[in-house]
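Just so it is clear, the values below take in all heavy atoms, side chains as well, and ignore hydrogens, waters and symmetry mates. Note that the structure is a prediction, hence the values are computed from the model and not measured.
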Amino acid sequence: MENRPSWEISPGQTFPLGVSQVDNGINFAIFSQHATTVTLCLVLPERGSIDTLDGDMIELALDPHLNKTGDIWHICIEDLPRSNVLYGYRIDGPQDWGKGHRFDRSVVLVDPYAKLIEGRRYFGDISLKLSKFLGTYDFDSLPFDWGENYKLPNIAEKDLVIYEMNVRAFTMDESSGLDNNIRGSYLGVIEKIPHLLELGINAVELLPIFEFDELELQRRPNPRDHMINTWGYSTINFFAPMSRYASAGGGPTNASQEFKKMVKALHSAGIEVILDVVYNHTNEADDANPYTTSFRGIDNKVYYMLDDKGELLNFSGCGNTLNCNHPVVMELILESLRHWVTEYHVDGFRFDLASVLCRGTDGSPLNAPPLIRAIAKDDVLSRCKIIAEPWDCGGLYLVGSFPNWDRWAEWNGIYRDDLRKFIKGDSGMKGGFATRVSGSSDLYRVNKRKPYHGINFVIAHDGFSLRDLVSYNFKHNEANGEGGNDGCNDNFSWNCGFEGETDDASVRALRSRQMKNFHLALMISQGTPMMLMGDEYGHTRYGNNNSYGHDSAINFFLWDQLDARKGDHFRFFSNAIKYRHEHKIFSHENFLSENEITWHEDNWANYESKFLAFTLHDKSGGDIYIAFNAHDYFLKALLPTPPTNRRWFRVVDTNLKSPDDFVLDGVPGIEKTYSIAPYSSILLEAKGIIGVEGNLKSCHFQNAAGDICK
């Protein structure tokens, strides 16, 4: 107080929470129901940096009689700079751990509603591994220019092809060829949009980009203290973009601007932006090794789920569980989501461990969780895709039964498991495989739900990469210091005859075939497909199921490997995506009727049968025949008779070498049978044919006048 400037100070106002610019200055407001003292801490631009706070911090104690209304503490300061001010709070209260309190006034806490967070400027800067984090604000910058011709992509859910990716890992490797200042940044993503367009996806699902501390594991000695968290599932604040994804150490204001530039560029390319959001827990860990930065010290009893002894409940597997259906926490989450939609124009959200959001304040499951309903019914969020990861670490598995209000989509974990089992040749999986590729009607044909409410995936960030799935029977997580104890053991993988890397040509060919089988199955399935960054070139994590995503080539996108495989693996993957876009037969609005699919199968009860064939019917006659052979021997399939004036053209045979494995225009000359190789799949398209000077020309349809049209 002795060192502070001679500001005019008034009691301030309760709303909005966080920092706001008002007529008579800068207003600060923070919620704490159980606090007895609240002190606003400020660092002015000319007084020091975030790493030299001790002698430069101005502290303003709030008078509970003047600066408190209900459970909200507030103060307004006139003449405070409009930007570059760092701020936080010291908060004290009851010291009774048995009642759930964790107050510690020695810690300067981050405002939960801070829109920008200042911390270390460079990602993974070990010299500042104990760096503090504080809120900041910017009322000086002009509003971001989205442009006169800017518009949202507004892609229908049934037409999405999602690409799960990590902002930093996408361009951090030197093989990206980008300048060092933008590698691993939001701007780096912009430079690689041509790759996304060439691949054919139309939505990116970004691993967490809320502010997190990538060096949290290095703050104390532990088996993982060599690791850098590059995935970001450890949120410090729910409103601020990750500041170290700014280019050239630009800090939080630049991070905000560059994130918007990235969204604008992706939208201009017709690509939607979905954020992977983590509202089930925070970075603050558990009571054994707490990392207090915000919620724990502000009001632990409100923000976290506790048992009747005041101890933290742990349904997240990370030491704490956010108390999502408490009215205060629920409003925080809703305001956060609205902020990302209105301020940053994002198109949707994937909710990590979303079953946590279905638990009451005591941790018990709720049939109609208030937060889940509020998200589904919110006007601001009405245009957004909302996707649940419908399970948590407490065993609440809700695949197919997630409370949805006909709005929520789900990661279909059963799809992943059934496809993995069938394609690697497990017995008894034919029926399950058929159900999954036809839209999982057993899970989603309820009320007004649609096939696209199932997010189909074979691979995601938290498990084997696609190449690992066909190269390893077991995890090999030696690099992360957890002794193989992290991640799921039930990966349903198959090494194709040899564990790990090999020069055996037959094993390598089989692995390539299996990767193509998985991708083809994904792209011909009813529902919304999602693939993982790097699978388009066969990225490997060496069998690693690293739950924190170590900041290394294990998780980086390796552009040199992509270049080496552009002619075969990438080409197949890109063609499969483009073929899906061009044939709406794979993305029905509603579940398939009997007239829209024919199963060429009279042997459903045969436990040992590992062959499945079916035809998708098109009203114009452009039927598509698809067959998967997961046996270890050739099968001769009797093909159905194509529609009138049509012939079968081979589009895909995963047993053939590139470029014959995927020919978009199709190859004619298919007879009444087709010999399908072991562990391979085919796709045939019915096309019209016409003779022109003795040559066969393929055509897509015949018009009403009887003319054959390309």
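Exactly one of Phe15, Phe295, Phe239 qualifies for a ring pair (Phe, Tyr, Trp, His ring centres under 6.0 Å) with Tyr113. That residue is Phe239. Of the listed residues (Lys115, Arg244, Glu211, Glu118), just one forms a side chain to side chain contact (heavy atoms under 4.5 Å, CB included) with Pro252, and that residue is Glu118. Checking Tyr245, Trp340, Phe210 one by one against Phe259, the ring pair (Phe, Tyr, Trp, His ring centres under 6.0 Å) holds for a single residue, Trp340.
The closest donor-acceptor contact from the side chain of Asp71 to the backbone of Ser32 lies at 3.5 Å or more, if one exists at all. In this structure a side-chain-to-backbone donor-acceptor pair under 3.5 Å is present from Ser355 to Trp391. Not one N or O on the side chain of Glu216 forms a donor-acceptor pair closer than 3.5 Å with the backbone of Glu214. Checking side-chain atoms of Asn314 against main-chain N and O of Leu312 turns up no donor-acceptor pair under 3.5 Å. Put simply, the side chain of Gln218 never gets that close to the backbone of Leu215: no donor and acceptor are under 3.5 Å apart. Remark: the backbone N or O of His539 is paired with a side-chain donor or acceptor of Ser465 at under 3.5 angstrom. Using modelled atom types, no side-chain atom of Asn325 and backbone atom of Gly360 make a donor-acceptor pair closer than 3.5 Å. Between the side chain of Thr292 and the backbone N or O of Gly297, no donor-acceptor pair lies under 3.5 Å. Glu272 contributes no side-chain N or O that, together with a main-chain N or O of Pro153, makes up a donor-acceptor pair within less than 3.5 Å. Checked by atom type and distance alone, the side chain of Asn222 pairs as donor or acceptor with a backbone atom of Leu217 at under 3.5 Å.
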Exercise. Show your reasoning for whether side chain to side chain donor-acceptor pair (under 3.5 Å) applies to Ser440 and Asn412.
Key: CA-CA 9 Å; Ser440 295; Asn412 189 346; 3.0 Å; yes

Practice problem: Could you please spell out the steps behind the salt bridge (Lys or Arg N to Asp or Glu O under 4.0 Å) verdict for Arg296 and Asp104? | Solution: CA-CA 9 Å; Arg296 178 183 172 91; Asp104 182 355; over 6 Å; no

Quiz item: Between Ser234 and Asn229, is a side chain to side chain donor-acceptor pair (under 3.5 Å) present by the stated rule, with each step listed?
Solution: CA-CA 9 Å; Ser234 198; Asn229 179 354; 4.9 Å; no

Exercise. Decide yes or no on side chain to side chain donor-acceptor pair (under 3.5 Å) for Asn491 and Tyr472, but give the supporting numbers first.
Key: CA-CA 10 Å; Asn491 290 291; Tyr472 296 92; over 6 Å; no

Exercise. Just do the side-chain contact (heavy atoms from CB on, under 4.5 Å) check on Asn283 and Phe133 with the steps written out, would you?
Key: CA-CA 12 Å; Asn283 67 295; Phe133 294 86; over 6 Å; no

Self-check item: Leu152 vs Arg383, side-chain contact (heavy atoms from CB on, under 4.5 Å): CA-CA, chis, key distance, verdict
Solution: CA-CA 10 Å; Leu152 300 168; Arg383 72 167 183 83; 3.5 Å; yes

Exercise. Could you walk me through whether Thr282 and Tyr304 pass the side chain to side chain donor-acceptor pair (under 3.5 Å) test, one step at a time?
Key: CA-CA 9 Å; Thr282 75; Tyr304 294 112; 2.5 Å; yes

Practice problem: List the steps, then state whether side-chain contact (heavy atoms from CB on, under 4.5 Å) holds for Met165 with Val189. | Solution: CA-CA 10 Å; Met165 60 173 285; Val189 173; 4.0 Å; yes

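Side chains of Glu331 and Leu17 form no contact here, defined as non-hydrogen atoms less than 4.5 Å apart. Proximity of Val356 to Leu322: side-chain heavy atoms (C-beta onward) are nowhere separated by under 4.5 Å. Contact annotation: the side chain of Cys324 approaches that of Ile333 to within less than 4.5 Å [non-hydrogen atoms, C-beta and beyond]. Counting heavy atoms from C-beta on, the side chains of Thr235 and Pro208 never come closer than 4.5 Å. Side-chain contact between Ile455 and Trp411 is present, with heavy atoms from C-beta onward closer than 4.5 Å. Side-chain contact between Pro290 and Arg102 is absent, with no heavy-atom pair separated by less than 4.5 Å. Counting heavy atoms from C-beta outward, Asp468 and His476 have side chains that stay 4.5 Å or more apart. Lys424 has its side chain out of reach of Ser493: every pair of non-hydrogen atoms, C-beta onward, lies at least 4.5 Å apart.
In this structure, His267 has its ring center at least 6.0 angstrom away from the ring center of His345. Side-chain rings of His581 and Phe586 stay apart, their centers remaining 6.0 Å or farther from each other. Ring-centre distance between Tyr279 and Phe238: below the 6.0 Å cut-off.
Classification of the Trp231-Tyr233 ring pair by plane angle, with boundaries at 30° and 60°, yields perpendicular. The aromatic rings of Phe402 and Trp408 sit tilted, their planes meeting at an angle between 30° and 60°.
Sequence neighbours left out, the pairs with a member in residues 391-420 that pass salt bridge (charged side-chain N to carboxylate O under 4.0 Å, His left out) are Arg359-Asp392, Glu410-Arg449, Asp418-Arg436. Residue pairs meeting the side-chain hydrogen bond (donor to acceptor under 3.5 Å, both in side chains) criterion with at least one partner in residues 365-381, sequence neighbours excluded, are Arg338-Asp378.
The local environment of NZ in Lys99 is sparse, with at most 12 non-hydrogen atoms from other residues, nucleotides or ligands closer than 6.0 Å.
When every heavy atom of Thr14 is checked against every heavy atom of Thr69, the shortest pair comes out as CG2-CB, 3.4 Å.
Note that Lys450 lies outside the cation-pi zone of Tyr444, set by a 6.0 Å cut-off to the ring centre and a 45° limit from the axis.
For Asp299, there are no salt bridge (charged side-chain N to carboxylate O under 4.0 Å, His left out) partners at least two apart in sequence or on another chain.
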